[in-house]
Each structure stands twice: as C-alpha cells, then as structure tokens.
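Every chain is numbered from 1 and lettered A, B, ... according to where its sequence line falls, protein lines coming before strand lines.
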Number of protein chains: 2
Amino acid sequence: MGITKSESFTDEQNEIANLLKALANPARVAIIQYLLKVDSCICGDIVNELPLAQPTISQHLKELKNANIIQGTIEGKSICYCINSETMTKIERYFEGISLKLKNKCC
Amino acid sequence: MGITKSESFTDEQNEIANLLKALANPARVAIIQYLLKVDSCICGDIVNELPLAQPTISQHLKELKNANIIQGTIEGKSICYCINSETMTKIERYFEGISLKLKNKCC
DNA sequence: TTTTATTATCGTAATATTGCAATATATAAA
DNA sequence: TTTATATATTGCAATATTACGATAATAAAA
C-alpha cells in the first residue's frame with residue numbers, strides 16, 4: 001500500500017526510521033558532505049555545487065530541515081544552512097549502541 | 001520523477017544512501033532491534049514478533065539482506081538471520097566521522 | 001510419498017518519493 | 001518604486017515503496 005504502518009511500531013522506532021529516511025538519498029548525503037566541507041556555515045550555493053535544479057535542492061533542504069538534521073537562518077537575501085550536531089550525535093549514538101551490542105554476540 | 005539521479009553522485013554517496021535507505025523503515029528498525037535482543041542468531045519467528053504479514057516480513061528481510069545488513073543461513077526447515085556487524089561498523093564510522101568534523105565547527 | 005512447516009515469489013492496490021518547469025515570495029540594491 | 005537576486009511553493013509526471021493475499025518452493029517428518 002506504499003504506506004508504512006507507523007502505528008504498529010514504537011515512537012523510538014519511528015523516530016530513528018524518519019531520521020534515517022531524511023538522510024537516505026544521495027543528493028541529501030551530498031548536501032551534508034558539502035555542509036561539512038565548507039569551513040563556515042554555507043548558504044544556497046549548494047545549488048551551484050550539485051547537479052540538480054534549484055527547486056529540487058530546496059525540497060531536499062526542506063526535508064533535512066523537517067527532520068531537524070539541518071537548520072537555516074536568514075541572512076540578508078540568502079539563507080544560511082548548517083548541520084544540527086545534536087541530531088547527528090543522536091544518530092551516531094544509535095549506531096554506537098548497535099555496534100556495542102554486536103560485540104557481545106557471535107553469528 | 002520518483003527516480004533518484006544516482007549517476008550524478010559519487011559511489012560513496014550512493015552507497016551510504018542505500019545502506020541508510022535499507023534501515024529507514026520502522027519495520028526494519030524493529031527487525032534489527034529484535035535480532036539484537038535475542039541472544040543467539042534467530043530465525044523466522046520475527047513474523048510472530050512483528051505485526052506484519054509473513055510476505056511483508058520476508059520482503060523486508062530481503063531488502064536488509066540485499067543491503068548486506070543482515071545475512072541468512074539455511075538451518076533445516078528454517079533460515080537463521082543475523083546482523084552483519086561489518087556493515088553496521090561501516091555505518092557507525094560514517095556517523096563518527098561526521099560528528100568529529102562537527103566538533104571543529106560552529107554554526 | 002504425503003503431509004506439515006517455513007520461507008520466498010508474484011501480482012496488485014495504495015501511497016510516497018524524486019525531479020523539474022513555472023511561478024510566487026522576500027529582501028537587498030539601484 | 002523598480003529591478004535583481006535568492007529561496008520557496010505549486011503542480012505534475014515518472015518511478016519507488018509498502019503491504020498483503022494467493023501461491024510456489026523447499027525441506028523435514030510421518
């Protein structure tokens with residue numbers, strides 16, 4: 001049905017799935033990598049960097065923003081986007097936890 | 001167009017996006033959590049654990065398997081699935097790298 | 001061999017995602 | 001105020017994902 005049965009799962013399971021979904025796209029991975037690369041918090045020249053049209057980039061940025069993975073502040077004519085490290089830390093911890101549990105297992 | 005322009009991005013970007021896509025679903029998050037919880041490597045009673053039909057679970061397991069996140073070995077009548085820790089470590093390292101880079105920035 | 005249990009595949013319906021052209025909005029500069 | 005620049009929104013087409021019933025495939029047990 002194309003619809004995920006979110007009600008059937010815990011809030012935590014849905015939360016992590018939503019965070020990962022926001023990152024699970026090569027364009028959005030590239031946006032994150034670009035934001036990491038540039039020294040300071042960068043604005044809309046992501047459009048010049050990536051081979052996608054401006055509305056497409058804007059849409060990807062919106063999804064990342066909705067997931068709280070990036071945040072944008074208005075700066076004159078343009079908008080300055082940057083990564084929300086708290087959210088990234090949350091994701092990192094999730095996988096750290098998985099790796100820890102895996103160390104005590106065999107397969 | 002519903003189609004991701006994979007050709008426009010690097011192999012690394014596509015790889016991480018595909019790994020995260022495989023994990024970016026609450027049912028698959030739940031499957032991973034279940035595989036982590038049970039002491040030994042467990043078989044198809046994931047179906048009894050989750051509120052989804054058997055073909056749906058089978059499909060999710062296939063996606064996780066294709067992404068190399070889990071692996072299954074035939075064991076008599078049933079199949080024993082378990083998490084591939086190498087892949088999980090790879091994902092963990094990716095987020096570790098992001099967090100590290102973020103520590104040297106401000107926003 | 002027949003039965004039973006376990007997992008996979010097929011086909012299909014409902015919904016979601018991706019991408020872009022066209023256009024709107026917002027703000028700075030002239 | 002007009003113009004230019006930057007970003008967002010709308011609408012749509014193409015494709016992907018999710019879920020499941022029906023059914024197939026596989027292998028142990030009877």
Side-chain angles (χ1 to χ4, degrees), chain A residues 1-9 13-14 17-32 34-35 41-67 69-82, chain B residues 1-9 13-14 17-32 34-35 41-67 69-82:
Chain A
M1 303 170 186
I3 192 166
T4 304
K5 289 175 94 181
S6 317
E7 342 77 57
S8 305
F9 300 99
Q13 286 163 347
N14 282 303
N18 283 330
L19 284 176
L20 296 183
K21 189 155 56 172
L23 292 171
N25 173 285
R28 294 196 288 273
V29 168
I31 289 173
I32 296 296
Y34 184 66
L35 287 176
C41 194
I42 207 60
C43 324
D45 42 13
I46 300 170
V47 175
N48 298 320
E49 190 71 9
L50 299 194
L52 293 173
Q54 180 270 322
T56 307
I57 300 284
S58 188
Q59 190 179 286
H60 282 308
L61 288 171
K62 191 181 179 184
E63 277 179 71
L64 288 169
K65 219 177 353 174
N66 285 342
I69 288 170
I70 64 172
Q71 58 203 85
T73 40
I74 298 169
E75 215 155 86
K77 242 189 311 205
S78 54
I79 293 186
C80 180
Y81 283 109
C82 63
Chain B
M1 302 173 186
I3 192 167
T4 303
K5 288 175 93 182
S6 317
E7 343 76 57
S8 305
F9 300 99
Q13 286 163 347
N14 281 304
N18 283 329
L19 284 175
L20 296 182
K21 189 156 55 173
L23 291 171
N25 173 285
R28 295 197 287 272
V29 168
I31 289 174
I32 295 296
Y34 183 66
L35 287 176
C41 194
I42 207 61
C43 325
D45 41 13
I46 300 170
V47 175
N48 297 321
E49 191 71 10
L50 299 194
L52 294 172
Q54 180 269 322
T56 308
I57 300 283
S58 188
Q59 192 178 286
H60 282 308
L61 288 171
K62 191 181 178 184
E63 277 180 71
L64 289 169
K65 220 180 349 176
N66 285 342
I69 288 170
I70 63 173
Q71 58 204 85
T73 41
I74 298 169
E75 216 155 86
K77 240 185 318 203
S78 54
I79 292 186
C80 179
Y81 282 109
C82 65

Quick one: Q59(B) CD to dT9(C) P, roughly how many Å, whole number? 10 Å
Between NZ of K62(A) and P of dG19(C) the distance, given in whole Å, is 16 Å
For A30(A) and L50(A), the nearest pair of non-hydrogen atoms, with its separation, is CB-CD2, 3.9 Å
Could you state the CG-C1' distance from L61(B) to dT7(C), rounded to the nearest angstrom? 9 Å
Nearest-0.5 Å distance, OH of residue Y34(B) to CG of residue N48(B): 8.0 Å
Taking CG from N48(A) and P from dT5(D), how many angstroms apart are they, rounded to a whole number? 13 Å
Please report the interatomic distance NZ(K65(B)) to NZ(K62(B)), rounded to the nearest 0.5 Å. 8.0 Å
Return the nearest nucleotide to the side chain of K77(B); candidates are dT9(D), dA28(D), dA8(D). dA28(D)
Any chance you could measure S6(A), atom OG, to N18(A), atom CG, to the nearest 0.5 Å? 7.0 Å
Rounded to whole Å, please give me the gap between CG in L64(A) and C1' in dA8(D). 15 Å
What is the distance from atom NE2 of H60(A) to atom CD1 of I32(A), rounded to the nearest 0.5 Å? 12.0 Å
What is the separation between atom CD1 on I74(A) and atom P on dT7(D), rounded to the nearest whole Å? 11 Å
Y81(A) side-chain N/O to dA6(D) phosphate OP1/OP2 under 4.0 Å: no
For a quick test of reading the model: is some side-chain N or O of H60(A) closer than 4.0 Å to OP1 or OP2 of dG19(C)? yes
Can you check the I46(A) CD1 to dA8(D) C1' distance for me, whole Å? 14 Å
Over how many whole Å does the gap from K5(A) atom NZ to dT15(C) atom P extend? 14 Å
Positions of residues 50-58 of chain A (non-hydrogen atom under 4.0 Å from DNA chain C), listed by number: L52(A), A53(A), P55(A), T56(A)
Between atom CD of Q13(A) and atom CZ of R28(B), what is the distance when rounded to the nearest 0.5 Å? 13.0 Å
Reckon E75(A) touches a base, only the sugar-phosphate, or nothing at all at heavy-atom distances under 4.0 Å? nothing
Could you state the interatomic distance from NZ (K21(A)) to CG (L23(A)), rounded to the nearest 0.5 Å? 12.5 Å
Worked verdict on N25(B) versus F9(A) for side-chain contact (heavy atoms from CB on, under 4.5 Å): CA-CA 10 Å; N25(B) 173 285; F9(A) 300 99; 5.8 Å; no
For DNA chain C, the residues among residues 18-30 of chain B that have a non-hydrogen atom under 4.0 Å from it: none
Identify which one of I46(A), L52(A), I69(A) satisfies the side chain to side chain contact (heavy atoms under 4.5 Å, CB included) criterion when paired with I31(A). I46(A)
